[in-house]
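Just so it is clear: chains get the letters A, B, ... in the order the sequence lines come, proteins before strands, and each one is counted from 1. We use all heavy atoms of the structure for the numbers below, so side chains are in, but hydrogens, waters and symmetry mates are not.
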Protein chains: 2
Amino acid sequence: MTTADTIERTLSRRGYRLTSPRRTVLDTMRGLGNHFTAEEVQHASPEVGRATVFRTMKLMRELGVICQVVLDDGTAVYQLADEDRADHHHHVICTECGRVTEFASDGLEGELERVADETGFEIDTHRLELYGRCASCNS
Amino acid sequence: MTTADTIERTLSRRGYRLTSPRRTVLDTMRGLGNHFTAEEVQHASPEVGRATVFRTMKLMRELGVICQVVLDDGTAVYQLADEDRADHHHHVICTECGRVTEFASDGLEGELERVADETGFEIDTHRLELYGRCASCNS
DNA sequence: GAACGCCTTGATACTACGTATCGATACCCA
DNA sequence: TGGGTATCGATACGTAGTATCAAGGCGTTC
């Protein structure tokens with residue numbers, strides 16, 4: 001999980017400030033645990049204006065501090081990014097409890113190449129999401 | 001692309017009817033080409049009620065006639081499914097023109113097994129979306 | 001410390017996307 | 001002919017997120 005110091009440095013490098021509302025939203029997201037919706041963040045930080053909650057979440061997404069996970073039904077859930085996986089990663093989502101776990105994808109390059117060949121596309125990025133049941137929901 | 005006859009059979013097998021509004025929505029989607037949003041379908045079939053447009057699109061999604069594609073920014077786009085790929089497939093999306101192409105994934109099982117091992121999840125389904133530039137946008 | 005400029009904020013309105021409700025119709029089958 | 005179910009459109013509602021805008025905060029420079 002990215003520390004406040006790291007985030008503050010990233011922000012100021014881009015000309016942004018770590019203000020009190022932003023800090024509140026960040027702390028709220030930390031307090032919400034593994035995954036959370038925009039609505040939950042709003043409800044859990046009532047002292048921050050709705051627009052500011054969304055603005056902050058958008059900003060954090062751009063900075064890679066949180067990442068968006070699209071559930072099977074198309075709704076969006078968010079998650080604090082692991083600091084050591086801030087780069088490129090994917091998600092396994094428990095369809096029972098909603099738990100989200102990250103993983104790095106290394107074995108995908110071959111598949112991407114094959115699809116590029118087959119379709120004529122030049123592939124830039126990809127998104128892979130797995131759905132299933134986590135260890136504790138499974139037992 | 002699935003024919004009206006095939007769709008009608010699928011519907012009636014499930015106790016549904018291929019009514020005139022449904023046919024209109026289907027034709028509209030065909031007319032919109034490779035990919036379309038819910039809004040485009042609505043605007044292009046003004047004689048059909050808004051609720052019916054959504055209901056029909058939901059039904060067609062359940063029947064596998066159309067499939068939902070989540071774009072990089074989280075918005076949803078829809079596409080008529082290839083008849084021969086109605087089962088399980090993924091999408092390559094051109095970030096320039098929006099063109100969506102389907103492909104079947106065969107080389108993913110190993111990766112899925114590895115992630116299951118690593119995370120303790122039991123994987124049921126997955127969603128893979130590739131983003132890039134299609135052949136014509138690339139030239 | 002005054003002035004300036006930019007970042008930020010909260011309130012509000014707005015849009016997109018989709019679902020729930022409901023009374024009215026249409027169709028099928030006995 | 002009559003009942004039952006599927007379907008319809010209108011409308012209201014809910015959620016997620018963006019746009020606008022006036023007001024406030026903070027740093028820099030003079």
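- One finds no side-chain N or O of B:Thr19 lying less than 4.0 angstrom from the OP1 or OP2 phosphate oxygen of D:dT7.
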#### Entry: Derivation and outcome, side-chain contact (heavy atoms from CB on, under 4.5 Å), residues B:Phe121 and B:Leu112
CA-CA 10 Å; B:Phe121 273 64; B:Leu112 298 190; over 6 Å; no

Under 3.5 Å, side-chain donor or acceptor atoms of residues 56-71 of chain B against the rest of the protein: list the pairs with distances, not counting sequence neighbours.
from	atom 1	to	atom 2	distance (Å)
B:Thr56	OG1	B:Thr52	O	2.7

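- Residue-level contact check: A:Glu47 touches the backbone only, with heavy atoms under 4.0 Å from sugar-phosphate atoms and none from bases.
- Identified under the ring-ring contact (aromatic ring centres under 6.0 Å, His included) test for residues 28-48 of chain B, with sequence neighbours left out: none.
- The nearest whole Å value for the distance from the CZ atom in A:Phe36 to the P atom in D:dA16 is 14 Å.
- Among residues two or more places apart in sequence or in another chain, the side-chain contact (heavy atoms from CB on, under 4.5 Å) test is passed with B:Phe54 by B:Ala38, B:Gln42, B:Arg50.
- Summarising the geometry, the separation between CG on A:Leu11 and P on D:dC26 is reported as 16 Å, rounded to the nearest angstrom.
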### Task
Any chance you could list the contact pattern along nucleotides 24-30 of chain C? Use B for base contacts, S for sugar-phosphate-only contacts and - for none, protein heavy atoms under 4.0 Å, 5' to 3'.
-------

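- Under the salt bridge (Lys or Arg N to Asp or Glu O under 4.0 Å) criterion, no residue pair touches residues 31-40 of chain B, with sequence neighbours excluded.
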### Task
If a protein heavy atom is under 4.0 Å from the base, mark B; if only from the sugar-phosphate, S; if neither, -; do that for nucleotides 17-22 of chain D going 5' to 3'.
BBBB--

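- Computed from coordinates, the A:Glu8 CD to D:dC26 P distance equals 13 Å when rounded to whole Å.
- For the pair B:Leu18 CG and D:dT7 C1', the computed distance is 12 Å after rounding to whole Å.
- A search for side-chain contact (heavy atoms from CB on, under 4.5 Å) contacts involving A:Ser12 returns nothing, not counting sequence neighbours.
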### Task
Walk me through it: do A:Asp117 and A:Arg114 pass the test salt bridge (Lys or Arg N to Asp or Glu O under 4.0 Å)?
CA-CA 5 Å; A:Asp117 273 6; A:Arg114 188 186 65 74; over 6 Å; no

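- When the C1' atom of C:dT19 is taken as reference, atom CD of B:Gln42 falls 13 Å away, rounded to whole Å.
- Look at A:Thr37 and you won't find any side-chain N or O under 4.0 angstrom from OP1 or OP2 of D:dA16.
- Among residue pairs with one or both ends in residues 63-82 of chain A, none qualify as ring-ring contact (aromatic ring centres under 6.0 Å, His included); sequence neighbours excluded.
- If you measure from atom OH of B:Tyr16 to atom P of D:dG4, you get 21 Å, rounded to the nearest angstrom.
- Residues that satisfy the ring-ring contact (aromatic ring centres under 6.0 Å, His included) test with B:His91, not counting sequence neighbours, are B:His89.
- Taking 4.0 angstrom as the limit, A:Arg14 places none of its side-chain polar atoms (N or O) nearer than this to OP1 or OP2 of C:dC7.
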